[in-house]
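Written out below as structure tokens is the structure these notes cover.
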Amino acid sequence: MANSKSKTGMLGILMGVLILGLCAMTLAGIFIDEWTVINAETFLGSGKESVSFEDYKDSVADSEGKIDFGGILENFDADDNTSLKSTMVVFGYIAVAVVCLLTLLYLLKMLLNVGLFRFVTGIVGICALVAGAVLIGVTASYCDKFLLNFSIGEVAKAEMAVGLGAYLTSIGAMGAGVAAVIGCAKK
């Protein structure tokens, strides 16, 4: 019987370490200067321009630097590129906040091992998984609907693609959510 408890404890510790690493990955994704990438090709050559999350944040903030989170989500329109950009910024912040909260809750769950912490941590883990999935979906939709996406045969072509920062943040959030659910499912 003692052998079974040590295996379960080891799984919890491994998931805790994994969540810490994925939290760092999520935070690193926000600070990488490649949230989206614009690739342009002409018959003269090709070029690549990166746009950071900070640039997107600055473009949706008001003159005081504040973002109206509630108004952005209430007025969401999937066909409006400005609305997609604002929603992308909001879910970027939501994903990071949820993963940081999840990391703290999971560490408390490991220390206290109370049923309530397991339940709350599992719920927050599911929220992190959803936030990461919505973030990558909104970012991909924004890139797909970007105004400068065009192609003129072999002469010129431009397109926006999801960058490394968005992938790291989304995968980190989804991975941390899955790890937390697995860690909370086992006693």
Side-chain angles (χ1 to χ4, degrees), residues 11-40 46-61 65 67 69 72-73 76 78 81-110 121-149 158-185:
L11 177 68
I13 292 170
L14 288 174
M15 290 299 120
V17 170
L18 182 62
I19 290 171
L20 280 172
L22 290 169
C23 179
M25 182 173 149
T26 303
L27 289 170
I30 287 287
F31 294 109
I32 289 178
D33 286 339
E34 190 180 287
W35 191 262
T36 58
V37 179
I38 301 170
N39 296 314
S46 63
K48 176 179 166 181
E49 180 70 28
S50 298
V51 183
S52 68
F53 184 80
E54 186 73 23
D55 292 337
Y56 286 118
K57 180 195 75 86
D58 292 342
S59 70
V60 298
I67 299 172
F69 291 105
I72 289 171
L73 294 177
F76 177 72
N81 215 25
T82 305
S83 179
L84 281 172
K85 178 171 47 172
S86 301
T87 306
M88 177 178 64
V89 170
V90 168
F91 272 100
Y93 280 123
I94 288 172
V96 169
V98 169
V99 170
C100 290
L101 176 65
L102 175 64
T103 304
L104 179 67
L105 285 173
Y106 195 86
L107 292 175
L108 283 173
K109 178 204 89 71
M110 286 176 53
T121 304
I123 296 297
V124 174
I126 292 169
C127 292
L129 177 64
V130 170
V134 170
L135 175 63
I136 198 67
V138 170
T139 304
S141 293
Y142 173 74
C143 291
D144 187 46
K145 295 181 187 302
F146 188 63
L147 299 175
L148 297 178
N149 287 344
E159 68 178 2
M160 179 181 270
V162 179
L164 180 64
Y167 280 125
L168 286 177
T169 301
S170 298
I171 292 170
M174 290 186 291
V178 170
V181 169
I182 290 171
C184 290

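Quick caveat, the model's predicted, so the values are computed rather than measured.
Interatomic distance, Leu164 CG to Asp33 CG, rounded to the nearest 0.5 Å: 11.0 Å. Atom-to-atom distance recorded for Trp35:CH2 and Tyr142:OH is 12.5 Å, nearest 0.5 angstrom. Rounding to the nearest 0.5 Å places CG of Leu105 at 11.5 Å from CD1 of Ile123. Atoms OG1 and CZ, from Thr169 and Phe91 in turn, are 14.5 Å apart once rounded to the nearest 0.5 Å. Rounded to the nearest 0.5 Å, atoms CD (Glu54) and CZ (Phe31) are 8.0 Å apart.
At least one side-chain heavy atom of Lys48 sits less than 4.5 Å from a side-chain heavy atom of Val37. Between Met160 and Lys145, every side-chain heavy-atom pair lies at or beyond the 4.5 Å cut-off.
Contact between Ile136 and Ala133 at its shortest, heavy atoms only, is CG2-O, 3.3 Å. The two atoms that bring Val181 and Ile126 nearest to each other are CG2-CG1, 3.9 Å, heavy atoms only. Across every non-hydrogen atom of Lys109 and Cys184, the tightest pair is CD-SG, 3.7 Å. Minimum heavy-atom separation, Leu135 to Gly92: CD1-N, 3.5 Å.
For residues 132-141, no residue pair satisfies the salt bridge (Lys or Arg N to Asp or Glu O under 4.0 Å) rule, not counting sequence neighbours.
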* **Stepwise side-chain contact (heavy atoms from CB on, under 4.5 Å) check, Val130 with Cys127** => CA-CA 5 Å; Val130 170; Cys127 292; 5.8 Å; no
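Looking at residues two or more places apart in sequence or on another chain, you find a side-chain hydrogen bond (donor to acceptor under 3.5 Å, both in side chains) between Tyr56 and Thr36. When the salt bridge (charged side-chain N to carboxylate O under 4.0 Å, His left out) test is applied to Glu49, no partner is found at least two apart in sequence or on another chain. By the side chain to side chain contact (heavy atoms under 4.5 Å, CB included) test, Val178 pairs with Leu129, Ile182, sequence neighbours left out. The ring pair (Phe, Tyr, Trp, His ring centres under 6.0 Å) test applied to Tyr106 returns no partner, not counting sequence neighbours.
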Distance-only criterion, 3.5 Å: show the donor-acceptor pairs between side-chain atoms of residues 13-27 and protein atoms not counting sequence neighbours.
| unit_1 | atom_1 | unit_2 | atom_2 | d |
| --- | --- | --- | --- | --- |
| Thr26 | OG1 | Leu22 | O | 2.8 |
| Thr26 | OG1 | Ala173 | N | 3.3 |

